Amino acid sequence: MADTPRKQPRKKRRKYSRRENPEGRMGLVEHAIEFRDRFIICLVAVVLAMVAGFFLTGPALDIIRQPIETLQQARGSKVSINFSNVTTAFDLRMQMALTLGIVIASPVWLYQLWMFLMPGLKKNERRYALGFLGAAIPLFLGGVVVGFWVMPRIVEVMTGFAPVEDTVFYDAKTYYSFVLTLCIAVGVAFVVPVILVMLNFAGVLAGRTILRGWRVAVVASAFFAALATPAADVLSMFLLMLPMVALYFIAGGIARLNDRRREKRIAKQDAELEAELSSGTATPIAGE
């Protein structure tokens, strides 16, 4: 009787030790596996935070409803939010719970984003993770606050086009989707400059390149602000656009300072190596 072939043990995913792989190099398949693992961590974090966010939907609804209550006083109770279907209230709660889950879990998925790009950094650059999180999390939450800050004016301007004699009915799901999408979109946009600085510290993007692209950044910020705000509300567009442009230039300035520091360090190392070579004390390279 022929021997049955033994089942080959499953090959474990390679762990990236800095001692074994100091440069943190990974292949395309390994990058895909790394992305999958970190995406699963982010997904689990968002789902858990979504459960907590479901219990916060009540207070969130009260906060988001304030512009409508202000308009009700101004227009004589002719503005209201309507739940048109039987399932609209539940669907809305779930949508808000997901959005709140993304906000609550932002430290986790921002950290996983950093760690996904971590293999390209040196060992002494691990401390930048704290700096990245320390800047990205407040900026994301600050962007959410800015989006919520301009939201009442957008609602007021858009409602102003309706005649005072008529009653304005806002579909609950559409209204809250607009508010939550605006806040999350502005929050993500505020994190983009931090990602640019992160890419600069990783040696992928030069500070000079970031500053040279200021025209594209201004146009992109204006385009994003125009999409996030109604076309008739130019003031809200500028209120969103100006902080984004300012953050872009701040990111470019930080990246440029980092480049100068890196250039000075390299120049110093080259000068020390040249001095060693000229004095004959340099360690000979193997094979020479």
Side-chain angles (χ1 to χ4, degrees), residues 38-113 133 136-162 166-191 224-225 227-230 233 236 239-240:
R38 301 202 177 278
F39 178 78
I40 291 174
I41 294 175
C42 295
L43 185 62
V44 172
V46 170
V47 170
L48 294 177
M50 182 179 174
V51 175
F54 185 82
F55 296 98
L56 299 175
T57 54
L61 285 172
D62 294 336
I63 295 174
I64 296 174
R65 194 186 296 113
Q66 288 180 358
I68 301 300
E69 294 176 349
T70 302
L71 289 172
Q72 285 177 346
Q73 297 175 359
R75 297 174 66 97
S77 300
K78 289 188 176 182
V79 183
S80 63
I81 299 175
N82 294 324
F83 293 83
S84 56
N85 297 321
V86 177
T87 60
T88 300
F90 177 77
D91 294 341
L92 177 61
R93 293 268 183 171
M94 294 302 296
Q95 181 181 356
M96 292 189 63
L98 175 60
T99 307
L100 291 172
I102 294 174
V103 174
I104 296 172
S106 58
V108 177
W109 57 261
L110 285 171
Y111 177 76
Q112 293 302 321
L113 174 64
L133 292 176
I137 294 173
L139 281 177
F140 175 75
L141 298 178
V144 172
V145 173
V146 170
F148 182 77
W149 178 59
V150 300
M151 180 268 299
R153 173 169 175 80
I154 296 174
V155 175
E156 180 183 356
V157 171
M158 292 297 98
T159 307
F161 286 96
D166 298 332
T167 302
V168 180
F169 294 101
Y170 284 117
D171 178 72
K173 196 170 183 180
T174 304
Y175 173 74
Y176 290 119
S177 176
F178 159 73
V179 174
L180 298 177
T181 302
L182 173 66
C183 293
I184 293 297
V186 178
V188 172
F190 273 38
V191 178
F224 174 82
L227 290 179
T229 58
D233 192 2
S236 297
L239 288 176
L240 285 181

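Everything numeric in this text was worked out from a predicted model, so none of it was measured.
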Residue pair Q112 / C42: nearest heavy atoms and the distance that separates them: CB-SG, 3.5 Å

Minimum heavy-atom distance T57-F54, with the two atoms named: OG1-O, 2.7 Å

Minimum side-chain heavy-atom gap W149-L239 below 4.5 Å: yes

N/O donor to acceptor pairs below 3.5 angstrom from side-chain atoms of residues 180-190, sequence neighbours left out:
residue	atom	partner	partner atom	Å
T181	OG1	S177	O	2.6

V46 backbone acceptor or donor facing W109 side chain under 3.5 Å: no

F39 CZ: over 12 foreign heavy atoms closer than 6.0 Å: no

Separation between CD of E156 and OG1 of T70, rounded to the nearest 0.5 Å: 8.5 Å

Over all atoms of both residues, closest heavy-atom pair of L141 and S106: CD2-OG, 4.5 Å

Exercise: identify the closest heavy-atom pair between V191 and A136: CG2-O, 3.8 Å

Nearest atoms (heavy-atom pairs only) where Q72 meets S80: NE2-CA, 4.0 Å

Option passing side chain to side chain contact (heavy atoms under 4.5 Å, CB included) with Y175 (candidates N82, I81, L92): I81

Pairwise distance NZ(K173) to CG(N85) - rounded to 0.5 angstrom: 8.5 Å

Distance (rounded to the nearest 0.5 Å) between F83 CZ and D91 CG: 11.0 Å

Close side-chain approach of F178 to Y170, heavy-atom, < 4.5 Å: no

Closest heavy-atom pair and its distance - A162, V168: CB-CG2, 3.7 Å

Side chain proximity check, L56 to I104, heavy atoms < 4.5 angstrom: yes

Candidate pair R93 and L61, rule side chain to side chain contact (heavy atoms under 4.5 Å, CB included), full reasoning: CA-CA 9 Å; R93 293 268 183 171; L61 285 172; 3.7 Å; yes

Main-chain N/O of Q95 paired to T99 side chain as donor or acceptor, under 3.5 Å: yes

